2 protein chains.
Amino acid sequence: MRPYTVGRLMSLINRISQRELAEKLKPHDIGSGGQHSYLRAILATPGMNQDKLTNVVKFDKATTTRCIRQLEEAGYVTRTVDEQDRRSYRLFPTERAISFEPTLQAILDDYNRLLTARLTADEIETLQALLQKMYLGLDTSALNLDE
Amino acid sequence: MRPYTVGRLMSLINRISQRELAEKLKPHDIGSGGQHSYLRAILATPGMNQDKLTNVVKFDKATTTRCIRQLEEAGYVTRTVDEQDRRSYRLFPTERAISFEPTLQAILDDYNRLLTARLTADEIETLQALLQKMYLGLDTSALNLDE
DNA sequence: GACACTTGGTTGCGGGCGCAACTAAATTCG
DNA sequence: CGAATTTAGTTGCGCCCGCAACCAAGTGTC
């Protein structure tokens with residue numbers, strides 16, 4: 001029973017668990033990838049433009065365009081041209097998004113609980129701290145963790 | 001500076017780091033996804049069929065078909081019909097694969113080292129143990145960890 | 001031995017995502 | 001001011017991957 005490397009484990013866990021999360025989000029018309037990250041970010045700080053948002057969620061700006069479009073089509077987000085800078089769009093949650101927020105939070109909490117079901121509270125804390133450290137080592141632009 | 005959840009961290013770390021691994025593998029004609037997992041598995045236990053392999057690497061069997069085809073085209077793997085069961089193919093590493101193995105191992109080691117660059121040896125061990133626990137909690141069919 | 005059932009593998013389809021090239025609005029600088 | 005540069009966002013392209021439907025070879029069961 002040879003243990004996997006850290007990289008392999010992360011990849012495995014991620015791939016398998018993300019699918020379960022996707023299934024829980026699908027009934028709410030939210031796609032399987034980072035879409036929920038975008039929605040949460042917009043709920044947390046309404047009025048951002050896509051560029052800011054891209055930095056927050058750490059995807060590509062092309063991905064942002066597509067995810068936002070889907071969230072818009074699903075009725076979660078509205079885009080209004082920023083009159084101060086007519087290139088950019090300010091993003092706001094709709095009524096649907098606002099009333100959906102608790103459910104979304106519950107789903108994500110559930111997901112994290114499922115993920116760490118076998119760990120004690122202490123272990124989760126340790127794990128989180130270690131992952132955070134890893135993450136900081138990886139992304140040199142990760143100095144603002146205020147999503 | 002609000003800390004991320006475990007799920008979010010894993011997703012972030014994975015996405016960002018996998019891209020770096022992909023870049024290191026690309027010069028060797030190995031695709032960005034799980035292709036290297038397949039190659040390693042075939043090197044470790046030559047002669048498996050695709051079904052077994054699928055279970056080992058934990059992808060979908062369709063993905064297996066495609067990854068193996070690419071590895072075959074890149075000259076790393078040969079497929080021979082199993083005369084005992086003419087539906088299945090037995091997979092073997094080529095000369096190229098065998099002579100590439102140390103390099104592959106070095107790349108993967110590098111990758112893991114980069115990933116955990118900020119952690120002490122003890123911390124890595126802890127992390128690995130915790131991830132392993134998570135993984136076992138997730139995948140009920142993960143009883144044979146003998147990739 | 002013919003029929004249903006299972007099993008190994010392939011293909012079609014669709015979603016997710018990053019990179020690079022592009023458009024249009026803003027900014028800089030002579 | 002007008003030309004060059006930067007910046008917000010979009011689109012085209014290609015890779016990765018899972019699901020479901022499919023095909024062909026093997027395994028029953030009668």
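Note that the structure is predicted; figures quoted are calculated from it, not measured. Every chain is numbered from 1, with letters handed out A, B, ... down the list of sequences.
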Quick check: is I16(B) connected to L9(B) through a chain of hydrophobic side chains (ILVMFWY, heavy atoms under 4.5 Å apart)? yes
Do R86(B) side-chain and dG9(C) base share a donor-acceptor contact under 3.5 Å? no
Reported OH-to-CG distance for the pair Y76(A) and L43(A), which is rounded to 0.5 angstrom: 10.0 Å
Nearest-Å distance, CG (D85(A)) to P (dT6(D))? 17 Å
Please tell me if Q70(B) has a side-chain N or O lying less than 4.0 Å from either OP1 or OP2 of dC15(D). no
So if I take every side-chain heavy atom of R79(A) and compare against dG18(D), dG9(C), dT10(D), which nucleotide ends up nearest? dT10(D)
Round to the nearest Å and state the distance from K26(A) atom NZ to dG14(C) atom P. 13 Å
Under 4.0 angstrom between Q50(B) side-chain N/O and dT10(C) OP1 or OP2: yes
Taking atom C1' of dG9(D) as reference, at what distance in whole Å does atom CD of E72(A) sit? 13 Å
Return the nearest nucleotide to the side chain of R15(A); candidates are dC17(D), dT11(C), dC17(C). dC17(D)
Considering only NZ, NE, NH1 and NH2 on the basic side and carboxylate oxygens on the acidic side, decide whether D29(A) and R96(A) come within less than 4.0 Å. yes
Check if the side chain of R69(B) and the base of dG9(C) share a donor-acceptor pair of N or O atoms closer than 3.5 Å. no
Taking NZ from K58(A) and P from dC17(C), how many angstroms apart are they, rounded to a whole number? 16 Å
State the CD1-OH distance between I13(A) and Y135(B), to the nearest 0.5 angstrom. 8.5 Å
Assign D60(A) to base, sugar-phosphate, or nothing according to its heavy-atom contacts below 4.0 angstrom with the strands shown. base
Please determine, for the side chain of Y89(B), which listed nucleotide (dT11(D), dA20(D), dG9(C)) has the closest atom? dG9(C)
If you round to the nearest 0.5 Å, how far is NE2 of H28(B) from CG of L39(B)? 11.5 Å
For the pair made of CG in N55(B) and C1' in dG18(D), what is the distance, rounded to whole Å? 15 Å
May I ask you to verify if any side-chain N or O of R87(A) is less than 4.0 angstrom from the OP1 or OP2 atom of dT27(C)? no
Taking only the side-chain nitrogens and oxygens of S88(B), find out if one of them lies under 4.0 Å from OP1 or OP2 of dG8(C). no
Which nucleotide in the list dA25(D), dA21(C), dG12(C) gets nearest to the side chain of A62(B)? dG12(C)
At less than 4.0 Å, is any side-chain N or O atom of S32(A) found next to OP1 or OP2 of dG16(C)? Yes or no. yes
What is the distance, to the nearest angstrom, from the CE atom on M48(A) to the P atom on dG9(D)? 11 Å
If you pin G33(A) and D82(A) to their nearest nucleotides in DNA chain C, which one's is more 5'? G33(A)
dC17(C) P sits how many Å from L53(A) CG, rounded? 13 Å
Roughly how far, to the nearest 0.5 Å, is the CZ atom of R79(A) from the CZ atom of R90(A)? 14.0 Å
Distance test, side-chain N/O of T63(B) to OP1/OP2 of dC17(D), below 4.0 Å: no
Round to a whole Å and report the spacing from CD1 of I68(B) to P of dC17(D). 12 Å
Assign each of F59(A) and R66(B) to its nearest nucleotide of DNA chain C by heavy atoms, then name whichever residue's nucleotide is nearer the 5' end. R66(B)
